[in-house]
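What follows is a single structure, written as structure tokens, with notes after it.
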2 protein chains.
Amino acid sequence: MWVNQNVFDDPRITAVGLLVEAHAGLSARFAAQFEEHGLSPVEFEVLTRLARSPGNQLRMTDLAAQTSLSTSGVTRVVDRMERDGLLTRRACPSDRRSSYAVVTAAGLQRLDETLPGHLRIIEQWFTGQLDPEALRALLDGLRRVRDAVHPGATAGSTGPVLIGGEAPAGRC
Amino acid sequence: MWVNQNVFDDPRITAVGLLVEAHAGLSARFAAQFEEHGLSPVEFEVLTRLARSPGNQLRMTDLAAQTSLSTSGVTRVVDRMERDGLLTRRACPSDRRSSYAVVTAAGLQRLDETLPGHLRIIEQWFTGQLDPEALRALLDGLRRVRDAVHPGATAGSTGPVLIGGEAPAGRC
DNA sequence: AAGCAACTATAGCCGTGACAATATTCCCGA
DNA sequence: TCGGGAATATTGTCACGGCTATAGTTGCTT
């Protein structure tokens, strides 16, 4: 009836442990490098999502859907980043409820400064740790898991994070 | 000079995206199931770490080292869990600075109720998504990355999370 | 045309956890 | 033996972000 010590040697537990620890370790490296450029992980994520979107802009709602933040969370991080000059709010003329977050030149510049180091870290601690064959296998596996747990399929998911490149077309 | 749109198609970026999204999706499933049993992810982590340690106990510092929390964070989560009857503080007789967090019977019971569903979710959304061969390849890759980024090797890492089963021997 | 439900962004309130400061205790070297 | 530096846990303070309520806007339905 009580928890058995051997439970913690269950291969499922160790598998999750590997995923969690690999993710945590990488995230820590990323965060440290972001900080060198005055960015938090969330700010980097926002900058990236905006920069890869058509017109370098995204509605607040869509930005929330593409990040790990709620809409109110987006409101606040956009507040901070607007204050820091990394982006601007722009009203949507065709729908007065919506407003856009638009990356400024300074924001693109900042991202431009941050990305090379970011890619270097990924290569150093992740992709470069494996030979091409093993990396392909790892990514295939991750893709399968990602597609399975893809939040779009979840009912009670808190943050509806969209898959990678997805970028809804703005109507303004 | 400006950020190139194609940067976001860089295989390194997409690789990290897969890892992050797979982790986020799984974490959300886990959190939902924990909540069914009145546990937060952190509380589950604490309960697990304690239950797998000799004597079902761990010094506050060691608990912090094995979780994603700082020592002050541990103080607070232990406060809450002690209030909820999931664990108890116990003074260390041989070192009056230290105190132990000890799982109570109620804490073990709670963990006992939570673990089966947790294992089921892991199997359903993670390990069961891949055939044994692919799973082995995935775990091998994750292990390589985990060992590389292992926080023990990091200088400026915030939370010194220890590797999986590591459990320092208490002297009390 | 009117009303109503859905959508959008924001603000209030609160829990969480990190950082720095603090008090206590331990340990080692002079 | 004694003094100072390291270790340990806790608390004050703060930033962050989720949930809910709210105000404004849109568009559909009748």
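Below, chain A is the first sequence line, B the second, and so on; all start at residue 1.
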Would you give me the side-chain donor-acceptor pairs under 3.5 Å for residues 130-137 of chain A, sequence neighbours excluded?
unit_1	atom_1	unit_2	atom_2	d
A:Asp131	OD1	A:Glu133	N	3.4
A:Asp131	OD1	A:Ala134	N	3.2
A:Glu133	OE2	A:Arg136	NH2	2.9
A:Arg136	NH1	A:Asp140	OD2	2.9

Please determine whether any donor N or O and acceptor N or O are separated by less than 3.5 Å between the side chain of A:Ser72 and the base of D:dC19. yes
Taking CZ from B:Arg97 and P from D:dG5, how many angstroms apart are they, rounded to a whole number? 16 Å
First of A:Arg96 and A:Glu43 reached from the 5' end of DNA chain D, by closest nucleotide: A:Glu43
Could you tell me whether B:Val74 contacts a base, only the sugar-phosphate backbone, or nothing, with contacts defined as non-hydrogen atoms closer than 4.0 Å? nothing
Separation of D:dT8 atom P from B:Arg89 atom CZ, nearest Å, is 16 Å
Could you state the CG-P distance from B:Asp95 to C:dC27, rounded to the nearest angstrom? 6 Å
Return the set of residues passing side-chain contact (heavy atoms from CB on, under 4.5 Å) with B:Val42 (not counting sequence neighbours), or none when no residue passes. B:Ser40, B:Val46, B:Leu69, B:Val77
Ignoring the backbone of B:Arg59, work out which of D:dT8, C:dT10, C:dC19 is nearest its side chain. D:dT8
Residues from residues 75-83 of chain B lying under 4.0 Å of DNA chain D - heavy atoms: B:Thr75, B:Arg76
Can you tell me how far C1' of C:dG17 sits from CG of B:Leu69, to the nearest Å? 7 Å
Is the side chain of B:Asp95 donor-acceptor paired with the backbone N or O of B:Arg97 at a distance under 3.5 Å, no angle test? yes
Please give, in whole Å, the distance from D:dA7 C1' to B:Asp62 CG? 12 Å
Report the residues that fulfil side-chain contact (heavy atoms from CB on, under 4.5 Å) with A:Thr88, sequence neighbours left out, ordered by chain and then residue number. A:Glu82, A:Thr104
Residues 117-127 of chain B, side-chain donor-acceptor partners within the protein, below 3.5 Å, at least two apart:
unit_1	atom_1	unit_2	atom_2	d
B:Glu123	OE1	A:Arg12	NH1	2.9

Here the salt bridge (charged side-chain N to carboxylate O under 4.0 Å, His left out) pairs for residues 70-80 of chain A, sequence neighbours left out, are A:Asp79-A:Arg89
Rounded to whole angstroms, how far apart are CG on B:Asp84 and P on C:dT16? 10 Å
Taking CE from B:Met60 and P from C:dA18, how many angstroms apart are they, rounded to a whole number? 13 Å
Is a side-chain N or O of B:Arg90 found less than 3.5 angstrom from the main chain of B:Tyr100, in a donor-acceptor match? no
Could you check whether A:Thr71 gets within reach of a base, just the sugar-phosphate, or nothing at all, counting any heavy atom under 4.0 Å? base
